[in-house]
There are 2 protein chains.
Amino acid sequence: MKPPTVYDVAAHAGVSIATVSRVLRRPDDVRASTREHVLATVRELGYVPSASARSLAARRTGVLGLYFPGFDAMEELDEAEFNQSEPVNVIVDMPDSGEVRPPNLYFDEVLRGSELEAWRRGFALLVGVGRGTNPEEMVSDIAGRVDGMAVLARSVPDALLDHISRRIPIVLVAGPRRGDNFDHVSVSNVEGMRTLTEHLIDRHGVRAPVFIGGPVDSPDDAERYEGFVQALAARDIDPAALPMLRGDFSRMQARSIAEGLVAAGELPRAVVCSNDQMALGVLDVLRRRGIRVPEDVIVTGFDGIEAGRQSTPRLTTVHQPMVDLGRAAVRAMLSRLDKRDQPPISLRLPVQVLLRESSEGSA
Amino acid sequence: MKPPTVYDVAAHAGVSIATVSRVLRRPDDVRASTREHVLATVRELGYVPSASARSLAARRTGVLGLYFPGFDAMEELDEAEFNQSEPVNVIVDMPDSGEVRPPNLYFDEVLRGSELEAWRRGFALLVGVGRGTNPEEMVSDIAGRVDGMAVLARSVPDALLDHISRRIPIVLVAGPRRGDNFDHVSVSNVEGMRTLTEHLIDRHGVRAPVFIGGPVDSPDDAERYEGFVQALAARDIDPAALPMLRGDFSRMQARSIAEGLVAAGELPRAVVCSNDQMALGVLDVLRRRGIRVPEDVIVTGFDGIEAGRQSTPRLTTVHQPMVDLGRAAVRAMLSRLDKRDQPPISLRLPVQVLLRESSEGSA
DNA sequence: TCGCTGAATGTATGCGCTTACACTCAATGT
DNA sequence: ACATTGAGTGTAAGCGCATACATTCAGCGA
């Protein structure tokens with residue numbers, strides 16, 4: 001009744017457990033006839049090797065971990081049972097049902113990239129998305145199961161990371177390097193935002209753009225603002241003289257910020273947002289107020305999410321390669337796994353400034 | 001240099017390894033003072049327990065697995081290095097750049113649901129997306145690492161599943177039950193499509209809708225067609241007299257099918273598609289041809305993906321709760337883990353018919 | 001005072017595998 | 001004919017933990 005083990009297979013096939021193990025791990029070290037015989041026994045018994053035992057003996061798990069905190073509000077799914085309602089409900093779905101399902105695109109894509117690269121390199125991928133529950137616990141749990149781990153920067157206390165990194169390589173995703181000695185993978189936030197801002201100044205004569213930033217503790221936001229400031233400074237515009245509004249990366253928040261701007265009466269020529277979601281929120285408000293984009297106000301975002309490509313007008317933005325980020329994180333882990341003592345890597349992936357109708361006028 | 005083990009912690013703290021283990025697993029069995037002392041040592045040494053060893057000794061891994069085949073074409077990411085190009089590229093992004101990134105929403109959402117439920121129940125989640133590489137190998141690999149596994153129906157040979165299910169519980173996602181004895185979770189495809197079709201017949205007087213189906217081997221498609229047929233039959237319309245076109249669930253394919261319909265000259269009053277992607281493809285063509293939806297032709301989909309909520313006109317569809325599917329799959333695994341010999345479960349989640357402008361006329 | 005009880009801790013075994021090393025024996029060289 | 005070789009296989013020692021069972025000892029009643 002219990003699942004068969006190497007011993008069962010060995011006994012059944014009339015060989016030693018070492019031979020069974022070799023058939024599975026290093027088939028060439030076994031004579032072909034023996035190999036076939038053992039494989040047949042494996043099939044017959046329904047033998048599936050225990051990865052736990054293998055990992056223990058081999059001193060490596062063959063699994064990589066990915067941890068992200070759960071930003072999205074939607075996580076609070078009801079505990080209610082979902083299997084007792086009617087099989088079908090008919091709903092007349094009106095247009096303004098709003099932002100039903102804010103897909104955590106960022107995470108989905110990074111995950112997809114990691115998953116892809118991990119399996120390609122012969123590793124499995126363990127994912128954990130932090131929720132209400134203690135992140136430290138979850139991260140520790142993952143850490144014990146994997147050979148290496150990627151973590152979104154700033155989502156876990158440094159002390160914990162230090163602790164864990166004594167056991168396995170840690171790669172920080174999307175944050176800039178701080179005092180730490182971890183490997184990092186991130187995108188060219190500064191250059192991207194600088195280039196976009198320069199474009200607004202040089203091509204559209206914008207002199208006093210308004211920046212709508214994200215949460216104070218977001219390293220990405222900080223870098224983007226830095227790029228914004230650099231562009232202004234290079235054009236002899238004093239960044240400090242311009243208003244710097246702060247949102248929380250959400251569309252809703254950005255709407256109220258935009259309402260505030262409109263109410264204040266003095267609309268800027270351009271609103272530069274630190275991410276796409278907020279830019280979309282600004283577009284929502286301007287559209288409702290009948291303010292033309294880009295004729296009256298130019299709006300730009302950052303991230304390159306799909307929704308920004310489907311908005312009206314389509315959103316000018318800086319696209320960051322999220323799938324590549326995930327892949328790069330995996331590569332970094334494996335690279336360090338290979339050479340534990342190489343100096344910390346800090347990889348910057350390139351971004352693309354995508355000029356679309358929210359800044360360039362319609363086609 | 002090597003990561004510390006229980007032995008190190010025990011020696012350092014002056015206790016036995018049993019006590020260390022107990023401090024971590026059953027803190028209440030240890031005197032408070034001892035516990036604190038051991039925990040301090042754990043922190044000092046940077047001890048992270050090996051899940052491999054624990055799983056081996058405890059005979060359970062605390063991990064659940066999720067396997068999906070990789071439908072999407074985008075998987076073929078270039079092997080090229082991505083870290084040597086310029087940090088920023090400026091691109092004038094024209095509107096018709098087409099369907100750049102067809103997000104595998106289905107999988108993303110099921111994954112999110114599984115991930116959520118798994119951690120909530122104290123399990124980690126291992127994900128595998130089948131790609132070019134041998135699915136059997138990947139599935140076996142996952143199987144050895146987990147306590148239970150969810151697999152998209154039809155994506156893995158039954159023989160393999162039988163093999164594996166001798167070791168761990170298997171849950172099939174989204175397929176109907178066939179001859180097998182596995183647990184299943186799926187949605188009310190039949191009822192959903194039947195209700196939608198009845199609506200078209202009863203409210204819009206449609207008498208000869210055209211059905212655009214998916215791949216022959218898709219169980220979901222089969223069920224949806226079944227619902228379509230039931231609705232017709234109940235209204236004394238002979239389904240066999242109507243054309244049944246077959247696509248592959250892709251938007252592109254659906255476009256050429258729609259082109260064919262238009263070219264043939266005789267447009268049906270309604271086109272019922274087996275998924276949203278294809279419905280969107282049909283909308284593409286009708287829009288280009290200047291055919292009005294829903295005035296001239298009604299179009300409906302199935303799935304409830306985000307893109308269908310952002311199309312013009314918005315797509316009438318049947319929404320299936322993908323996140324819940326993932327959650328239900330996890331619950332089913334745990335339920336069976338609990339009672340290995342209960343009869344096979346077959347859970348059907350409810351769906352929602354969403355009536356929108358592609359069938360109801362604009363607001 | 002002494003045996004008894006139970007809380008706290010230690011001892012020892014095994015979980016299922018990998019792998020260094022030992023061994024066997026047919027093929028080869030001298 | 002005999003030593004040498006190496007391919008193929010077996011033996012046995014862990015890997016790091018959980019846990020049944022043994023042990024210790026403080027507190028207790030009689």
Side-chain angles (χ1 to χ4, degrees), chain A residues 1-39 41-42 45-63 140-141 143-147 166-168, chain B residues 1-39 41-42 45-63 140-141 143-147 166-168:
Chain A
M1 213 58 261
K2 298 215 151 298
T5 71
V6 259
Y7 296 100
D8 300 318
V9 176
H12 220 82
V15 298
S16 75
I17 60 165
T19 297
V20 175
S21 179
R22 276 190 284 256
V23 165
L24 267 19
R25 300 302 143 216
R26 317 165 50 113
D28 293 340
D29 287 6
V30 180
R31 194 191 307 152
S33 61
T34 318
R35 194 193 315 144
E36 293 315 319
H37 181 216
V38 170
L39 285 178
T41 310
V42 164
L45 297 186
Y47 170 65
V48 177
S50 154
S52 303
R54 169 153 19 123
S55 304
L56 183 57
R59 263 154 283 239
R60 58 193 299 279
T61 67
V63 181
S140 302
D141 187 346
R145 305 178 180 283
V146 301
D147 291 334
R166 291 169 63 170
R167 170 179 252 265
I168 54 170
Chain B
M1 214 56 259
K2 297 214 151 297
T5 71
V6 258
Y7 296 100
D8 300 317
V9 176
H12 220 83
V15 299
S16 75
I17 61 164
T19 298
V20 175
S21 179
R22 275 190 285 256
V23 164
L24 267 20
R25 301 302 142 216
R26 317 162 51 110
D28 294 341
D29 288 5
V30 179
R31 193 193 306 153
S33 60
T34 317
R35 194 194 313 143
E36 293 315 319
H37 180 215
V38 170
L39 285 178
T41 310
V42 164
L45 297 186
Y47 170 65
V48 178
S50 155
S52 304
R54 167 149 25 120
S55 304
L56 183 57
R59 262 157 285 240
R60 60 195 297 279
T61 67
V63 182
S140 303
D141 187 347
R145 305 178 179 283
V146 301
D147 291 334
R166 292 169 62 171
R167 170 179 252 265
I168 53 171

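Proteins get letters first, then strands, A, B, ... in listed order; numbering begins at 1 in each.
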query: Which part of the nucleic acid does B:Arg25 contact within heavy-atom distance under 4.0 Å: base, sugar-phosphate only, or nothing?
result: sugar-phosphate
task: Have a look at A:Thr34 and say if it touches a base, only the backbone sugar-phosphate, or nothing, with a 4.0 Å heavy-atom cut-off.
output: sugar-phosphate
Round to a whole Å and report the spacing from [atom1] of [X] to [atom2] of [N].
X	N	atom1	atom2	value
B:Leu56	C:dT13	CG	P	17 Å
B:Arg31	C:dG6	CZ	C1'	14 Å
B:Tyr7	C:dG10	OH	P	14 Å
A:Leu45	C:dG16	CG	P	14 Å
B:Arg60	C:dG16	CZ	P	15 Å

message: With each end axis built from five pairs of C1' atoms, what bend angle do you get for the helix from C:dT1-D:dA30 to C:dT30-D:dA1? Round to 10°.
response: 50°
field: 5' priority, DNA chain D, between B:Ala53 and A:Ser33 [closest heavy atom]
entry: A:Ser33
- prompt: Is the side chain of A:Arg35 donor-acceptor paired with the backbone N or O of A:Val30 at a distance under 3.5 Å, no angle test?
  reply: yes
field: DNA chain C-proximal residues of residues 9-21 of chain A, any heavy atom under 4.0 Å
entry: A:Ile17, A:Ala18, A:Ser21
field: Boundaries of the chain A footprint along DNA chain D (any atom under 4.0 Å from a heavy atom)
entry: D:dG8 to D:dG16
Closest non-hydrogen atom pair, [X] against [Y]:
X	Y	result
B:Val38	B:Val15	CG2-CG2, 4.2 Å
B:Arg145	A:Ala51	CG-CB, 3.4 Å
A:Leu45	A:Pro4	O-CG, 3.4 Å
A:Gly46	B:Arg166	N-NH1, 3.9 Å

- line: Picking from C:dG10, C:dC17, C:dT19, the nucleotide nearest the side-chain atoms of A:Val6 would be C:dC17
message: Just verifying a value: how many Å separate B:Arg54 CZ and B:Arg59 CZ, rounded to the nearest 0.5 Å?
response: 14.5 Å
